[in-house]
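Each ligand, and each atom within it, is numbered from 1 in the order the structure gives. Side chains are part of it too, since the values below use all heavy atoms of this structure and drop only hydrogens, waters and symmetry mates. Here the structure is a predicted model, which is why all the values come from computation and not from measurement.
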Amino acid sequence: MSNRIPESELIINPDGSIYHLNLKPEHLASTIITVGDPDRVGKVSQYFDEIEFTMSKREFVTHTGRFQGKRMTVMSTGMGTDNIEIFMTELDALVNVDFETRFPKTKHTALNIIRVGTSGSMRREIPTGSLLASAYGIGLDTLMTFYQTTYSQSEINLGEAIQKLLGLPFRPYCVQGSQKLLKVLGEGLLIGNTVTCPGFFGPQGREVRAKPAIPDIIEKLGSLDVEGFKLTNFEMETAGYYAMGRLLGHEVLSLNAIVANRITHEFAKDADDIVEHLIQHTIKKMADY
Ligand code: R1P
Ligand code: URA
């Protein structure tokens with residue numbers, strides 16, 4: 001039998017809400033759309049038939065309501081996999097821990113979690129304006145060093161190939177996203193493999209004033225071909241979502257609005273419209289799911 005989770009480990013606020021997200025279990029739908037930017041939450045919920053609940057704490061803004069009759073929650077996470085670790089752990093606790101007894105529930109609830117985020121392309125043939133679903137996330141951050149995780153042999157092989165290519169002192173973690181959600185949400189989108197970086201500038205090979213340690217990271221990652229497996233785009237959360245989703249038993253898919261092309265050096269003039277297309281694609285597909 002699992003142990004009671006102490007007050008210091010799972011922190012519940014005096015009003016019964018969870019520490020960082022400030023939510024109670026009844027505030028969550030089982031379909032959760034996530035965005036990085038808190039201002040993007042309203043850009044999703046503007047399409048809801050009704051909004052039943054709103055909350056805002058730190059970078060975590062939540063709106064729960066219905067779209068075409070389907071109950072959905074949209075939440076912002078801020079940037080980076082460290083936020084995703086807090087976000088996923090507290091989201092999971094809201095459905096899989098009994099807040100009265102502090103014991104994990106015996107019946108597991110799996111959530112459908114869909115990231116709607118922006119991203120930069122590392123391939124000439126994937127221009128700005130593309131919408132891309134991530135089959136795999138590849139984490140160049142060290143979050144998963146701190147969790148006991150299992151990977152398939154092919155995920156380990158990919159991680160080793162990327163470690164060698166970049167000369168990193170640790171093995172990047174490669175994790176497959178939800179195949180169930182990919183089948184539904186990937187329809188009409190490009191399918192790619194997303195590199196999750198622990199930063200926007202140096203870790204993605206951008207030089208403003210400080211010099212990146214791997215200045216040719218785009219060319220190196222772009223050259224990877226492991227039995228046809230190629231990398232397509234950069235962002236900052238996908239691999240963290242996929243790894244935490246696997247650990248906690250949730251269906252997670254990351255969708256990317258490509259706003260930058262790192263080969264042609266373009267940044268989309270219509271980035272908001274590209275994100276808008278992705279939002280509409282996502283809520284329409286999930287309304288019928
Ligand atoms: C960087 O500009 C941010 O944009 C991308 C990156 O992952 C990072 O969070 O995603 P969002 O647009 O969802 O924030
Ligand atoms: N988000 C990123 O992390 N990188 C980009 O190039 C664009 C959006």
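Remark: ligand 2 atoms within the under-4.0 Å shell around heavy atoms of Met236 are 3 (O). Within the listing of ligand 2, atoms 2 (C), 3 (O), 4 (N), 5 (C), 6 (O) sit less than 4.0 angstrom from a heavy atom of Gln204. Within the listing of ligand 2, atoms 1 (N), 5 (C), 7 (C), 8 (C) sit less than 4.0 angstrom from a heavy atom of Ser119. Within ligand 1, the atoms closer than 4.0 Å to a non-hydrogen atom of Phe200 are 1 (C), 2 (O), numbered from 1 in the order shown.
The single protein non-hydrogen atom nearest to atom 6 (C) of ligand 1 is Glu237 OE1, 3.6 Å, given as residue, atom name and distance. If you check which protein heavy atom lies closest to atom 3 (C) of ligand 1, you get Met79 SD, 3.6 Å. Of the protein's non-hydrogen atoms, the one nearest atom 14 (O) of ligand 1 is Gly36 CA, 3.4 Å.
The backbone N or O of Lys43 lies less than 3.5 Å from a partner atom in the side chain of Gln46, making a donor-acceptor pair.
At a threshold of 4.5 Å between non-hydrogen side-chain atoms, the residues Val44 and Val116 do not count as touching.
The aromatic rings of Tyr173 and Tyr151 sit tilted relative to each other, their planes meeting at an angle between 30° and 60°. Ring planes of His27 and Phe53: parallel class, angle under 30° (limits at 30 and 60°).
Comparing heavy-atom distances from atom 5 (C) of ligand 1 across Val259, Thr194, Thr81, Thr118 singles out Thr118 as nearest. Proximity annotation for atom 10 (O) of ligand 1: of Arg115, Glu59, Arg40, Arg115 comes nearest, heavy atoms only.
Counting non-hydrogen atoms of other residues, nucleotides and ligands closer than 6.0 Å to CD of Glu125 gives a total above 12.
Remark: the Tyr241 side chain and the Thr34 side chain contain an N/O donor-acceptor pair separated by less than 3.5 Å. Using a 3.5 Å distance cut-off with no hydrogens or angles, the side chains of Glu59 and Asn83 do pair a donor with an acceptor.
Ligand 1 has a nitrogen or oxygen under 3.5 angstrom from a nitrogen or oxygen of Met236.
Salt bridge Glu160/Lys164: absent, no basic N to carboxylate O contact under 4.0 Å.
For Arg206, the closest heavy-atom approach to ligand 2 falls below 4.0 Å.
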